[in-house]
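All ligand and atom numbering here is 1-based and tracks the order in the structure.
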Amino acid sequence: MGPIEDKTVSGDRVIVALDVSTYEAAIAWVDRLPEVSFWKVGLELFISAGPAIVQELKQRQKRIFLDLKLHDIPNTMAGAARAVGRYGVDLLTVHGSAGLTALEAAQSAAIAGATEAGVTPPQLIAVTLLTSIGPDRLAADLQVSASVADYTAHLAQLAKMAGLAGAVCSPQEATTLRSHCGADFLLVCPGVRPAWAASGDQQRTLTPAEAFAAGASYLVVGRPVTAAADPVAAWERLVAEVASS
Ligand SMILES: O=C(O)c1cc(=O)[nH]c(=O)n1[C@@H]1O[C@H](COP(=O)(O)O)[C@@H](O)[C@H]1O
């Protein structure tokens with residue numbers, strides 16, 4: 001993939017989450033939404049279906065965000081990132097809170113794995129603070145006294161220092177992180193909710209159009225499309241909203 005060569009806002013910059021538990025269910029979504037070019041394979045699907053789903057999406061020329069949220073000691077992160085590097089996926093998540101050494105280890109190992117397999121390395125993006133966590137839970141559960149803005153900016157800068165391509169953040173922090181990390185740093189934003197969709201467990205949300213206006217590179221959307229009464233219409237409505245923004 002490359003970084004975002006084309007900064008025009010379109011459906012190509014909206015990643016749809018395949019949060020399903022079987023290979024068959026995932027392929028049914030890909031068939032049902034042929035306009036979607038970028039799919040996210042997360043833990044539920046990858047643990048259930050394994051690398052076969054990645055191979056099938058590649059076969060279909062889809063871009064792939066492998067959302068494994070690696071979070072471990074540097075040696076273990078490196079081993080896992082090296083294995084992912086061989087798949088030829090576009091994006092891979094790691095947790096920024098694994099620390100600088102682990103992020104650096106994952107970054108170089110992913111490149112090593114891709115080189116071994118003769119494929120393009122994935123762009124690593126570091127999760128800053130899960131979008132399901134609001135300021136109160138950050139303080140109470142995680143005992144972090146920094147504000148959400150300062151904490152996420154710190155982790156995004158750590159990711160940048162480690163040589164990662166970008167970060168995962170809520171769209172509410174996109175403007176701040178963009179100003180700290182620069183124009184070429186990828187900001188991948190879940191926690192987007194059109195005005196017509198329920199927020200569910202997401203705490204720090206903006207609409208898709210607001211998220212792009214705030215500086216998001218890519219959006220990640222699941223239930224607003226997949227739980228809609230008419231998912232095809234929901235996808236088209238969402239794309240129309242961002243394209244006209
Ligand atoms: O890494 C992610 O993709 C992610 C990070 C985060 O902070 N919040 C978050 O919601 N996600 C993912 O983004 C998707 C959002 O799905 P919906 O809430 O259904 O739109 C899910 O697949 C989450 O796993």
Side-chain angles (χ1 to χ4, degrees), residues 11 13-21 25-26 29 33 36 38-49 53 57 63-71 81 84 89-98 103 106 122-135 137-138 141-142 144 148-149 151-153 155-156 159 164-174 177 186-211 214 216-229 231 234-235 237-239 241-242:
R13 285 171 57 192
V14 181
I15 303 169
V16 178
L18 281 169
D19 287 331
V20 292
S21 62
W29 276 116
L33 294 167
V36 176
F38 209 154
W39 290 97
K40 181 170 87 82
V41 174
L43 287 170
E44 180 184 6
L45 180 57
F46 194 74
I47 290 169
S48 307
I53 188 65
L57 289 170
R63 289 186 293 166
I64 304 166
F65 169 9
L66 190 53
D67 177 25
L68 299 185
K69 293 193 180 69
L70 304 179
H71 192 183
V84 172
V89 297
D90 299 284
L91 295 175
L92 167 68
T93 38
V94 296
H95 270 287
S97 54
L103 295 178
Q123 292 189 292
L124 266 59
I125 49 175
V127 176
T128 53
L129 178 66
L130 293 169
T131 54
S132 53
I133 297 178
R137 296 287 104 202
L138 177 66
D141 297 0
L142 306 188
V144 170
V148 169
Y151 184 67
T152 55
L155 286 177
L164 270 62
V168 179
C169 63
S170 129
Q172 292 186 6
E173 292 97 51
L177 269 54
L186 290 182
L187 293 178
V188 177
C189 295
V192 280
R193 287 292 182 266
W196 36 268
S199 56
D201 52 0
Q202 299 288 2
Q203 296 297 319
R204 308 193 324 277
T205 66
L206 290 182
T207 69
E210 288 168 338
S217 314
Y218 292 96
L219 308 185
V220 182
V221 179
R223 290 162 290 182
V225 171
T226 56
W235 166 256
R237 188 172 176 189
L238 192 151
V239 170
E241 282 179 15
V242 297

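Of the possible polar contacts, none joining the Ser132 side chain to the Gln202 backbone as a donor-acceptor pair under 3.5 Å is found. Judged by distance alone, with hydrogens and angles left aside, the side-chain atoms of Arg204 form a donor-acceptor pair with the main-chain N or O of Ile133 at under 3.5 Å. Distance alone, capped at 3.5 Å, is enough to place a donor-acceptor pair between the Ser48 side chain and the Ser21 backbone. For the pair Asp90 (side chain) and Phe65 (backbone), a donor-acceptor distance under 3.5 Å is absent. The backbone N or O of Arg193 lies less than 3.5 Å from no partner atom in the side chain of Thr205, so there is not a single donor-acceptor pair.
Interface atoms of ligand 1 facing Arg223, defined by a heavy-atom separation under 4.0 Å, are 17 (P), 18 (O), 19 (O), 20 (O). Contact atoms of ligand 1 toward Asp19: 21 (C), 22 (O) (distance under 4.0 Å to a heavy atom of the residue). Listed by number with element, the atoms of ligand 1 under 4.0 angstrom from any heavy atom of Val220 are 13 (O), 14 (C). Short contacts between ligand 1 and Gly222, defined as distances under 4.0 Å to a heavy atom of the residue, involve ligand atoms 16 (O), 17 (P), 19 (O), 20 (O). Taking every heavy atom of Ala17 and a limit of under 4.0 angstrom, the matching atoms of ligand 1 come to 22 (O). Of all atoms in ligand 1, listed by their number and element, those nearer than 4.0 Å to a heavy atom of Pro224 are 20 (O). Within ligand 1, the atoms closer than 4.0 Å to a non-hydrogen atom of Leu130 are 6 (C), 7 (O), numbered from 1 in the order shown. Against a heavy-atom cut-off of under 4.0 Å, Arg193 is close to the following atoms of ligand 1: 17 (P), 18 (O), 19 (O), 20 (O).
Taking atom 8 (N) of ligand 1 as the reference point, the nearest protein heavy-atom neighbour is Thr131 OG1, 2.7 Å. Closest to atom 10 (O) of ligand 1, if we only count protein heavy atoms, is Gln202 NE2, 2.8 Å. The nearest protein atom to atom 1 (O) of ligand 1, hydrogens excluded, is given as Lys69 NZ, 3.0 Å; this is a heavy-atom distance. Summary of contacts: the protein heavy atom closest to atom 13 (O) of ligand 1 is Pro190 CB, 3.4 Å. For atom 24 (O) of ligand 1, the nearest protein heavy atom (residue, atom name, distance) is Lys40 NZ, 3.4 Å.
The shortest heavy-atom contact between Ala214 and Pro171 is CB-O, 3.9 Å. Residues Pro194 and Pro224 approach most closely at CD-CB, 3.9 Å, considering heavy atoms.
For Gly42, the heavy-atom gap to ligand 1 stays at 4.0 angstrom or more.
Counting heavy atoms closer than 4.0 Å to ligand 1, residue Asp67 contributes side-chain atoms (C-beta onward) but none from N, CA, C or O.
Residues Glu210 and Thr207 have side chains that bring a donor and an acceptor to within less than 3.5 angstrom of each other.
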Checklist entry - Would Glu44 and Asp67 satisfy side chain to side chain contact (heavy atoms under 4.5 Å, CB included), going step by step from the backbone distance to the final call? => result CA-CA 10 Å; Glu44 180 184 6; Asp67 177 25; over 6 Å; no

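Using a 30° and 60° split on the angle between ring planes, Phe38 and Tyr218 fall in the perpendicular class, above 60°.
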